[in-house]
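Structure first, commentary second.
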Number of protein chains: 2
Amino acid sequence: MKTHTESEENYIKALYHLGGDQPVSNGDLAQRIGAKGSSVTQAVKRLGQKDLVNVVPYKGVQLTQQGIRLAKSILRKHRLWETFLVDKLGFGWDEVHPLAEQLEHIQSEELVDRLFKFLGSPKHDPHGDPIPERDGQMPPVLGQPIGAFTTGAEIRIVRVEDAGTEFFDQLETMNINLGNTYEIRAISAFDSSVELGSSTGSFWLSQSMCANIYAIQS
Amino acid sequence: MKTHTESEENYIKALYHLGGDQPVSNGDLAQRIGAKGSSVTQAVKRLGQKDLVNVVPYKGVQLTQQGIRLAKSILRKHRLWETFLVDKLGFGWDEVHPLAEQLEHIQSEELVDRLFKFLGSPKHDPHGDPIPERDGQMPPVLGQPIGAFTTGAEIRIVRVEDAGTEFFDQLETMNINLGNTYEIRAISAFDSSVELGSSTGSFWLSQSMCANIYAIQS
DNA sequence: CTTTTATTTTAGGCAAAGCTAAAAATTATT
DNA sequence: AATAATTTTTAGCTTTGCCTAAAATAAAAG
Ligand SMILES: [Mn+2]
Ligand SMILES: [Mn+2]
Ligand SMILES: [Mn+2]
Ligand SMILES: [Mn+2]
């Protein structure tokens, strides 16, 4: 197991996010990384020499098996650290991402294993995203958008999209958290907003809020 | 509060370790960092431009007030993370230093504050070294070398020097830990080794072991 | 099937951080 | 005080990682 720079790891993670095992265009990667295309061309050339990606000039970049393995291990660390920050240190789920962006680059298998156990061997992070296992297996991606249910359904919130600070703020002010259960009271034929009900009352959720909140039938 | 590179922070920490607020020679710094003198000359020039150090060519480098503040904040993080790794994740005290060397560079005041509280506002790290306070104040440096006590004294181990893996291994096999209490049974006039006694028996400690173990009268 | 537009790569620069080898300054020794 | 030994600095090179501007290629439009 060689050791990689933070920049390299960020490229690998971006590639995994954008394409999984499929090719990704130079432009998309540049956008995601926040660098210019020319920098990306260079960077992926370096990654190619380390057999982390296959590069076809003008066509796209694709993670190798080795690259995918690395991507998952970084994602595992990212999501474990987010879990630590929320569960143990009491951070809000909107605050943890930038911190995990740093912590995910700490290198130590031993540390990851111990952290995992310390957190109670979690399968999902504070946003409900699956935490890759040691061996690279992925737990299920949970839930479907709230808008996909029908009136009368009893649902439990299991995942939220990372849709920016304002979205998380809105969740907070509406007191919506993972694990909350609601009944679908109504779905507006006009604007697709949804009325959720619980023991404490009911409220309406806009379509764009609903699109970023995932639930399962409970 | 600007943000610093890992390399910069390591230079600052090395300067604090070697000289505190006093000047440090290029050679000593190079040795500590593990780089060549020429690289160090360049590096401290950069630090000088950021007002973290004062450089007098051919004479030495000295931390500024700002540099000292930074050094302490890094040391605080280093020791808090070591405490976390030992107290919460169950690492051995010989394993944590290299990990803390990475974790100390994570930037977030909020994280440090929360970690500090989570750990129970500790004043000393797992080796007994003082953890700088938020404001830069230093808790006392505890204890004196075991060889400094006289026969009959009741002592409690409060600190150990970082004298390498073999030293820590020896501590482990002898089951010596912070907080342990002993009676000084004898001090050899021949080789300055010390006989320590407890309820479970007694044993001899070599002079070089004693020199790296610090205790207080209890 | 050209021509225009958009994307990607090349070429040339720059800063951080390291290296080696040579020059300069300091310190130690006759 | 002069010379020898040690330490420090300069000069010149390397790699990573990012930039801008220009050239090359691919994709879209006419
Ligand atoms: Mn995240
Ligand atoms: Mn990252
Ligand atoms: Mn340490
Ligand atoms: Mn460090």
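No experiment lies behind these values; they were computed from the predicted model shown. Just so it is clear, the values below take in all heavy atoms, side chains as well, and ignore hydrogens, waters and symmetry mates. Chain A is the first sequence line, chain B the second, and so forth, proteins listed ahead of strands; every chain is numbered from 1.
- Atom pair B:L29:CG and D:dT9:P shows a separation of 11 Å (rounding to whole Å applied).
- Rounded to a whole Å, the CG atom of B:L52 is 15 Å from the C1' atom of C:dA16.
- Cation-pi geometry between A:K88 and A:F118 is met: under 6.0 angstrom from the ring centre, within 45 degrees of the axis.
- Separating the CD atom of A:Q49 from the P atom of D:dG17 is a distance of 12 Å, rounded to the nearest angstrom.
- Distances shorter than 4.0 Å separate none of the side-chain N or O atoms of B:K36 from OP1 or OP2 on C:dG18.
- Here the C1' atom of nucleotide D:dT7 and the CD atom of B:Q31 are 14 Å apart, to the nearest Å.
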Going 5' to 3' through nucleotides 4-15 of chain C and flagging B where a protein heavy-atom sits under 4.0 Å of the base, S where only the sugar-phosphate is that close, and - otherwise, we get ----BBB-----
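- The cationic group of B:R114 lies under 6.0 Å from the six-membered ring centre of A:F91 and within 45° of the ring axis, placing it in a cation-pi geometry.
- Around atom CD of A:Q31, no more than 12 heavy atoms belonging to other residues, nucleotides or ligands sit under 6.0 Å away.
- For D:dT16, neither phosphate oxygen OP1 nor OP2 lies less than 4.0 angstrom from any side-chain nitrogen or oxygen of A:Y11.
- Nucleic acid contact for B:S39: base, since at least one base atom lies under 4.0 Å from a heavy atom of the residue.
- Taking only side-chain nitrogens and oxygens, A:R46 comes nearer than 4.0 Å to OP1 or OP2 of D:dG17.
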Please step through ring pair (Phe, Tyr, Trp, His ring centres under 6.0 Å) for the pair A:Y11 and A:H4, ending with a clear verdict.
CA-CA 11 Å; A:Y11 274 95; A:H4 312 96; over 10 Å; no
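- Protein atom NZ of B:K50 is 12 Å distant from nucleotide atom C1' of C:dA17, rounded to whole Å.
- Residues B:Q66 and B:K50 fail the side-chain proximity criterion, which asks for heavy atoms closer than 4.5 Å.
- Around CD of A:E133, the count of heavy atoms belonging to other residues, nucleotides or ligands within 6.0 Å exceeds 12.
- Atom P of nucleotide D:dG17 and atom CD1 of A:I12 are separated by 12 Å, given to the nearest angstrom.
- A straight line from CD of B:E9 to P of C:dA17 spans 11 Å, rounded to a whole angstrom.
- Atom CD of A:Q65 is surrounded by 12 or fewer heavy atoms from other residues, nucleotides or ligands within 6.0 Å.
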